[in-house]
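Working notes, beginning with the structure itself.
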Amino acid sequence: MTRHLFIIEGGDGSGKATQTKLLAARLRRDGFRVKSVSFPDYDSESSALVRMYLRGDFGTAADAVNPYAASAFYAVDRFASYQTGWKDFLAGGGIVLADRYTTSNMLYQMIKIDDQAERKAYLQWLWDFEFTKMALPVPEKVFLLDVPLAVTERLMARRQGKTGGATGDIHERDRAFLRKCHDAYGELAAQYGWQTVTCTAGGEMKTAEAIHDELYRAVISVLA
């Protein structure tokens, strides 16, 4: 039976949660069986180590925890979600939409590694760890919500301005780290064949509806 696991990936402020919600609703209207998941699963006990890590309990710098240990925190959370929440649904032919997945581990952890050979070894380890050892499903397609760095930085500044101070987890508070993330998205998209969805026009974010239309067309082309 055909199964479909689609990942909605992108940087902070790109609208992953909004686009996942819009896409799920539209596919259901089209008659598809759809389940949405989001990672980390903050409502689950399985995300305890992730929450501690992002809160800074193991160190307040973004690279305070080595990429292998941090990746294991997230992988356990995904394993629990898959086993208890959507394994049977996917196996039964449903469409699962994931707001972040192993793809985010690839990005956020690999940029802690400067040496290209070591970075490649990490990515190979992560793929084997999650998709072979833990037997998590390999996504059929990853859709990257592409937002230029300058726009991302403006969005983050507005988010900070609304709260009147520093916000976010240890990743979001480190602007240099965010810039490294943006640079790495293109590398991963090329290496793993992610499909980009253009989220801006003229240096400004498109409307959520316009982004959704492009994403929807991309997904339907895979389902057709």
Side-chain angles (χ1 to χ4, degrees), residues 3-29 32-47 49-51 53-54 70-71 73-87 89-90 94-109 126 130-131 134 136-147 152 155-156 159 167-169 171-172 178 181-182 184-185 188-189 192 194-199 205-220 222-223:
R3 67 179 191 179
H4 302 285
L5 172 59
F6 297 129
I7 313 305
I8 312 302
E9 187 56 76
D12 294 293
S14 61
K16 295 180 296 297
T18 297
Q19 293 305 321
T20 301
K21 181 178 179 180
L22 291 172
L23 181 59
R26 189 163 180 181
L27 289 174
R28 289 187 185 109
R29 290 197 299 271
F32 293 102
R33 294 172 54 243
V34 181
K35 182 182 286 289
S36 299
V37 296
S38 178
F39 298 102
D41 183 359
Y42 291 117
D43 294 328
S44 171
E45 296 176 47
S46 63
S47 68
L49 286 171
V50 174
R51 285 182 270 118
Y53 165 61
L54 293 177
S71 295
F73 300 162
Y74 287 96
V76 167
D77 181 47
R78 273 187 286 278
F79 179 83
S81 172
Y82 174 59
Q83 291 291 332
T84 64
W86 48 279
K87 180 179 181 179
F89 181 84
L90 183 67
I95 297 173
V96 175
L97 305 177
D99 172 357
R100 296 197 185 277
Y101 195 57
T102 307
T103 47
S104 287
N105 250 10
M106 290 175 171
L107 180 111
Y108 279 101
Q109 302 307 322
L126 181 64
E130 294 211 23
F131 299 136
M134 301 189 82
L136 290 171
V138 177
E140 180 176 5
K141 196 75 175 179
V142 177
F143 298 97
L144 174 63
L145 302 182
D146 185 30
V147 181
T152 297
L155 291 171
M156 295 301 291
R159 180 186 297 180
T167 61
D169 59 41
H171 291 160
E172 293 173 339
L178 290 176
C181 285
H182 188 275
Y185 270 126
L188 288 171
Y192 293 101
W194 298 357
Q195 184 167 344
T196 58
V197 176
T198 304
C199 296
M205 288 291 291
K206 296 178 181 177
T207 65
E209 292 74 19
I211 297 170
H212 164 69
D213 284 340
E214 182 176 341
L215 176 60
Y216 173 76
R217 289 193 298 271
V219 170
I220 285 298
V222 177
L223 294 172

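The model shown is predicted, which means the values in this text are computed figures rather than measured ones.
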Item to complete: Kindly indicate whether the side chain of M205, heavy atoms from C-beta on, has any atom under 4.5 Å from the side chain of C199.
Response: yes
Worksheet entry | Approximate separation, where rounding is to 0.5 Å, of Q19 CD and E9 CD | 14.0 Å
Response to the item:
For S14 and V147 the tightest heavy-atom approach is CB-CG2, 3.8 Å
Item to complete: Look at atom NZ of K87 and say whether more than 12 heavy atoms of other residues, nucleotides or ligands are closer to it than 6.0 Å.
Response: no
Report all side-chain donor-acceptor pairs from residues 208-216 shorter than 3.5 Å, counting only partners two or more places apart or in another chain.
residue	atom	partner	partner atom	Å
H212	NE2	R26	NH1	3.2
D213	OD1	R26	NH1	3.1
E214	OE2	T198	N	3.2
Y216	OH	D30	OD2	2.4

Worksheet, complete the sentence: Taken to the nearest 0.5 Å, the spacing of T152 OG1 from D12 CG works out to 8.0 Å
Discussion item. Treating R78 as the side-chain partner and F39 as the backbone partner, does any N or O pair qualify as donor plus acceptor under 3.5 Å?
Written reply: no
Fill in: S104 side chain reached by Y74 side chain, heavy atoms, under 4.5 Å
no
Worksheet entry | Rounded distance (nearest 0.5 Å) linking atom OH of Y185 with atom OG1 of T196 | 13.0 Å
Worksheet item: Can you name the ring-ring contact (aromatic ring centres under 6.0 Å, His included) partners of H4, sequence neighbours left out?
Response: F6
Worksheet item: What's the spacing between I7 CD1 and L144 CG if we round to 0.5 Å?
Response: 12.5 Å
Worksheet item: Would you say the side-chain atoms of Y42 pair up with the backbone N or O of S47, donor to acceptor, closer than 3.5 Å?
Response: no
Worksheet item: Side chains of L223 and I95: closer than 4.5 Å at any heavy-atom pair?
Response: yes
Worksheet, complete the sentence: For F131 and P139, the nearest pair of non-hydrogen atoms, with its separation, is CZ-CD, 3.9 Å
Worksheet item: Just wondering, more than 12 heavy atoms not from K21 lying within 6.0 Å of its NZ?
Response: no
Item to complete: Keeping the roles fixed (side chain from S81, backbone from D77), state whether a donor-acceptor pair exists under 3.5 Å.
Response: no
Practice prompt. Write down the atom of S36, the atom of T20, and the distance for their closest heavy-atom approach.
Written response: OG-CG2, 4.0 Å
Discussion item. With a 4.5 Å cut-off on side-chain heavy atoms, are Y192 and T103 touching?
Written reply: no
Worksheet item: Between L5 and V138, is any pair of side-chain heavy atoms under 4.5 Å apart?
Response: no
Worksheet item: Is the shortest heavy-atom distance from the side chain of L23 to the side chain of V219 under 4.5 Å?
Response: yes
Discussion item. What I want to check is whether the side chains of S71 and Q109 have a donor and an acceptor closer together than 3.5 Å.
Written reply: no
Response to the item:
For E130 and A75 the tightest heavy-atom approach is OE2-CB, 3.6 Å
Fill in: Whether K16 side chain and G10 backbone form a donor-acceptor pair below 3.5 Å
yes
Worksheet item: Do Y101 and P137 have side-chain heavy atoms sitting under 4.5 Å apart?
Response: yes
Worksheet entry | Gap between atom CH2 of W194 and atom CG of D146 - 0.5 Å precision | 11.5 Å
